[in-house]
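The next block holds one structure in the form of structure tokens; read it before the comments.
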There are 2 protein chains.
Amino acid sequence: MPDGTIEQKKGRKFDQVLAGARQVFLSDGFDGASVDDIARAAGVSKATLYSYFPDKRFLFMQMAKTECQRQAETTLEAVDIAAPIETVLRDIASQMVNFITSEFGQRIFRICVGESDRFPELGREFYESGPKMVRDRMVDVFHLAIERGELQIDDVTLAADQFHELCKADLFPRMVFSMASEFTEAEKMRVVDGAVDVFMARYGV
Amino acid sequence: MPDGTIEQKKGRKFDQVLAGARQVFLSDGFDGASVDDIARAAGVSKATLYSYFPDKRFLFMQMAKTECQRQAETTLEAVDIAAPIETVLRDIASQMVNFITSEFGQRIFRICVGESDRFPELGREFYESGPKMVRDRMVDVFHLAIERGELQIDDVTLAADQFHELCKADLFPRMVFSMASEFTEAEKMRVVDGAVDVFMARYGV
DNA sequence: TTCTGTATAAACTGATCAGTTCACTTCGAG
DNA sequence: CTCGAAGTGAACTGATCAGTTTATACAGAA
């Protein structure tokens, strides 16, 4: 105990349970997932599962939080801020579009939306570690570009939200309402370019 | 039978059942709603309910379709197309924002999103009678404005989708993830004005 | 009056599922 | 070698719920 693993709350199967939960919740939704299925997917007995998590809701929340954090970390990292603002925006837009149209993005969104009436904490958690983080990151980028005289923005947070929304045009509703599940590069490009164009027309110098 | 009511598929309690379904589904979601509750809310026996609708899913679909149509009819009607395009856009944006932030808009969206994995028809139905109709209507407006030399748009449907998305900035994520349930007029105005500004900067002559 | 179609209440079936309990195993530390 | 913590599997409880059935009521039309 003097060294090593302080990180984990409890025994060795904790991560296993979370992985099983991830798999089953993501493919079946909250109500659709049965605890027996999760235990089976995790390769763990139900009793063990319940020794780690007090109930199904809690397990779900924990899973969702973990997943969101992981996602937020990998997104918006590989953007070259030194490049001209149009390039930066195009990169960011691409990443957003890719996330929105990804299997994972779609599923986690679906569950959070559907369930955040019954447990609002979930929605809030997701917002904080998802859209909120993206917005903050964008605001930073904008400030930099403003300093460099590339952009002129009065309401920076609004601009960030607008950009984010612009990246959803067409794709998002079609995705979310099961009109399409995959998109061609051309379809994505159309939206990305459109978003950058509109944004620059208003906020470019 | 020579005159009168051809419209209804079956007997007198049909609408009652639908009304009960509307009430319970909208407040409890699909899984949350029990058929017994619906029958009770409708003031109808369960047997009667099942004589009208083959099962719960079908009842739900029917309710959602009906509601969407009703909503689509009342929205985007009282817009004065003769007015200058900026005014027209502002009116439309206001209506969109009001719908997005409405109790009903939020609930129906939540259910459709959460459930359209399990029955994709629902999502499609909603898309066709919701976003799609709005888009078509907007495209008409744009064409008119282009003819009048007020707008210049290459990809008209993309522009319509962009405008729609711009109206969701900030408000929509906060609403959907339970960060807020009501908004001040000022908050709404900020988004409406922002949307029109951005849109006109790109597509205005 | 009688027949028919629509309605009802209430009991019932069959299934699912969250969460608990229990008797038993495994394995590492002292 | 033994103790105890962590894990297992299977049975069990209690509850909910979709959908069915049955026996009954009541209307208007023939």
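In what follows, chains carry the letters A, B, and so on, assigned in the order in which the sequence lines appear, proteins first and then strands, with residues in each chain numbered from 1.
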Under 4.0 Å between a Lys/Arg side-chain N and an Asp/Glu carboxylate O for R107(B) and E67(B)?
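Looking at E67(B) together with R107(B), the answer is no, because their closest N to O distance does not fall below 4.0 Å.
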What string of B, S and - do you get for nucleotides 16-21 of chain D, 5' to 3', when a contact is any protein heavy atom under 4.0 Å?
-SBBBB
Can you check the R40(B) CZ to dA10(C) P distance for me, whole Å?
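Atom CZ in R40(B) sits about 11 Å away from atom P in dA10(C).
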Over how many whole Å does the gap from Q16(B) atom CD to dT8(C) atom C1' extend?
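The answer, rounded to whole Å, is 13 Å.
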Have a look at L151(A) and tell me which of I146(A), V141(A), L144(A) forms a side chain to side chain contact (heavy atoms under 4.5 Å, CB included) with it.
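Result: among I146(A), V141(A), L144(A), I146(A) is the only option passing the side chain to side chain contact (heavy atoms under 4.5 Å, CB included) with L151(A).
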Side chain to side chain contact (heavy atoms under 4.5 Å, CB included) with V192(B): which of I92(B), V97(B), L171(B)?
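Per the side chain to side chain contact (heavy atoms under 4.5 Å, CB included) rule, the option paired with V192(B) is V97(B), out of I92(B), V97(B), L171(B).
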Once salt bridge (Lys or Arg N to Asp or Glu O under 4.0 Å) is applied, what residue pairs with a partner in residues 81-96 of chain B remain, sequence neighbours excluded?
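Listed once each, the pairs are E86(B)-R90(B), R90(B)-D193(B).
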I need the full list of salt bridge (Lys or Arg N to Asp or Glu O under 4.0 Å) pairs touching residues 46-61 of chain A, with sequence neighbours left out, sorted by first then second residue.
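Sorted result for residues 46-61 of chain A: D36(A)-K46(A).
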May I ask you to list the residues of residues 19-27 of chain B, by number, that have any heavy atom positioned under 4.0 Å from an atom of DNA chain C?
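None - not one residue of the stretch has a heavy atom sitting under 4.0 Å from the strand.
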Report yes if a side-chain nitrogen or oxygen of T48(A) is closer than 4.0 Å to either non-bridging phosphate oxygen (OP1 or OP2) of dT8(D); otherwise report no.
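So the side chain of T48(A) is within the cut-off, an N or O lying under 4.0 Å from OP1 or OP2 of dT8(D).
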May I ask you to verify if any side-chain N or O of Y52(A) is less than 4.0 angstrom from the OP1 or OP2 atom of dG7(D)?
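Looking at the OP1 and OP2 atoms of dG7(D), one of them is under 4.0 Å from a side-chain N or O of Y52(A).
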Does any pair with a residue in residues 120-134 of chain B pass side chain to side chain donor-acceptor pair (under 3.5 Å), and if so which ones, sequence neighbours excluded?
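Output for this query lists Y127(B)-R135(B).
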Non-hydrogen side-chain atoms of D161(A) and F172(B) separated by less than 4.5 Å:
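When only atoms from C-beta onward are counted, F172(B) and D161(A) do not touch, as no gap falls below 4.5 Å.
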I want to verify a distance call: between dT8(C), dA7(C), dT8(D), whose nearest atom is closest to the S45(B) side chain?
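Nearest to the side chain of S45(B) among the choices is dT8(C).
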Kindly write out the residues that satisfy ring pair (Phe, Tyr, Trp, His ring centres under 6.0 Å) with Y50(A), not counting sequence neighbours, or none if the list is empty.
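Partners of Y50(A) by the ring pair (Phe, Tyr, Trp, His ring centres under 6.0 Å) criterion come out as none, since no residue qualifies.
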